[in-house]
There are 2 protein chains.
Amino acid sequence: MRIIINKVTQRPPHAPISERAIEERLAGSGARFTSGRRQVVAALSGADGPRSAAELHEEMGGEVPVSSVYRSLAVLEQAGVVEPHHGARGLTRYEMAEWLAGHHHHLVCESCGGVEDIELPKQLEVELERLVGKVSGLSSFSASGHALEVDGRCERCR
Amino acid sequence: MRIIINKVTQRPPHAPISERAIEERLAGSGARFTSGRRQVVAALSGADGPRSAAELHEEMGGEVPVSSVYRSLAVLEQAGVVEPHHGARGLTRYEMAEWLAGHHHHLVCESCGGVEDIELPKQLEVELERLVGKVSGLSSFSASGHALEVDGRCERCR
DNA sequence: TTCCTTGCAAACGATTTGCATTGGA
DNA sequence: TCCAATGCAAATCGTTTGCAAGGAA
């Protein structure tokens with residue numbers, strides 16, 4: 001997976017993550033920002049799309065055992081630092097929470113199953129939000145967020 | 001999960017599924033439209049949202065073993081009769097393919113993990129398609145479809 | 001007879017958990 | 001010292017597969 005989006009929409013690989021804010025969030029859950037968790041956060045905020053526990057395990061050099069990666073992810077999710085994303089073949093991948101990584105959407109490749117982030121130009125995002133607003137007006141479902149998934153083939157698989 | 005959408009957007013619980021068309025599709029894959037597969041199709045086209053193999057197994061009365069439900073789903077997916085949908089906790093749920101059930105979107109309850117179908121009023125759907133068209137113009141990703149997921153709490157969980 | 005199907009049980013891969021140990025405030 | 005955090009191995013859970021029996025063309 002590589003970012004192939006043009007400059008306007010490309011999401012910076014390293015969003016300016018606030019270590020401080022994360023530490024506070026964790027503290028709020030009575031948890032510490034340990035080295036293992038820092039590594040997960042680092043790997044995740046440097047990624048161009050959601051990552052599974054196994055992918056993170058590998059990207060982190062295989063030092064930290066997978067079970068610990070899972071535990072880190074669970075704690076970080078609990079604290080609202082990362083968010084799960086359910087994709088191809090029942091794999092659960094995680095990404096930094098919206099308040100840290102910014103709101104974005106996904107391009108899902110139906111061939112390789114990879115996922116790339118895409119940030120909509122403000123105007124389109126505004127349109128989309130307006131549209132979602134109308135949708136929730138249609139049902140007794142109380143909407144709190146939305147995600148647009150665009151399916152197709154990534155450049156590599158075309 | 002219950003349909004709570006108003007009349008304008010509610011999707012008919014029993015879309016007028018063409019048994020004939022399904023049989024032909026299966027034949028094209030060299031497969032038969034057996035009783036077990038008919039049961040899966042019946043359960044799925046009567047549902048108001050995606051269903052997992054386990055849910056179908058239960059809704060079908062527990063007669064057909066889960067492994068057979070999985071096999072039926074695999075064959076039906078192969079033939080383009082049903083489509084997988086990856087949701088909460090890595091569960092794979094299926095629904096009738098778009099050409100049979102019609103294009104629609106999902107309301108995902110972040111509390112119970114349930115998914116309800118929602119069909120957008122034509123005008124909104126047109127807007128959405130236009131928007132997706134613009135998105136794919138922004139990247140070198142070739143889009144073939146899209147899915148809008150609205151997250152929130154269903155009426156029951158509110 | 002020839003394949004497609006199905007049931008059952010074993011196998012798998014992803015994720016979770018129990019338990020004993022380590023580490024930080 | 002005390003409780004959170006971690007490593008390792010065993011346990012779960014959803015899903016897949018091998019194999020032998022059943023069925024339709």
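By convention in this document, chain letters (A, B, ...) are assigned in the order of the sequence lines, proteins followed by strands, and residues within each chain are numbered from 1. All of these numbers come straight from a predicted model, not from anything done at the bench.
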Query - Test item: side-chain donor near acceptor, A:Glu125 and A:His105, under 3.5 Å - result: yes
At less than 4.0 Å, is any side-chain N or O atom of [X] found next to OP1 or OP2 of [N]? Yes or no.
X: B:Thr92; N: D:dT15; value: yes
X: A:Arg32; N: C:dG24; value: no
X: B:Thr34; N: C:dT5; value: no

Please report, rounded to the nearest Å, how far the [atom2] atom of [N] is from the [atom1] atom of [X].
X: B:His86; N: C:dG13; atom1: NE2; atom2: C1'; result: 15 Å
X: B:Gln78; N: C:dC4; atom1: CD; atom2: P; result: 14 Å
X: A:His57; N: D:dT6; atom1: NE2; atom2: P; result: 15 Å
X: A:Tyr70; N: C:dG18; atom1: OH; atom2: P; result: 17 Å
X: A:Glu77; N: C:dT15; atom1: CD; atom2: C1'; result: 13 Å
X: A:Leu91; N: C:dT15; atom1: CG; atom2: C1'; result: 11 Å
X: B:Arg38; N: C:dC4; atom1: CZ; atom2: C1'; result: 15 Å
X: A:Leu56; N: C:dT15; atom1: CG; atom2: C1'; result: 14 Å

Requested in this report: Specify the residue among B:Ser67 and B:Gly30 whose closest nucleotide of DNA chain C lies further upstream toward the 5′ end.
Outcome: B:Gly30
Report summary line: To the nearest 0.5 Å, atom CD of A:Glu83 lies from atom CD of A:Glu77 at 8.5 Å
Report task. Just call it for B:Ala31: base, sugar-phosphate, or nothing, with non-hydrogen atoms closer than 4.0 Å on any strand. Result -> sugar-phosphate
Report task. Could you tell me whether B:Arg71 contacts a base, only the sugar-phosphate backbone, or nothing, with contacts defined as non-hydrogen atoms closer than 4.0 Å? Result -> base
Query - Residue whose closest nucleotide on DNA chain D lies nearer the 5' end, B:Ala53 versus A:Gly36 - result: A:Gly36
Requested in this report: By nearest nucleotide on DNA chain D, pick out whichever of A:Phe33 and B:Val66 is the more 5' one.
Outcome: A:Phe33
Query raised in the report: Could A:Arg130 and B:Glu127 be called an ion pair, given the rule that one side-chain N must be under 4.0 Å from one carboxylate O?
Result: yes
Query raised in the report: Are B:Lys122 and B:Glu129 ion-paired here, with the side-chain N under 4.0 Å from a carboxylate O?
Result: no
Requested in this report: Could you tell me whether B:Glu98 atom CD has more than 12 heavy atoms of other residues or ligands within 6.0 Å of it?
Outcome: yes
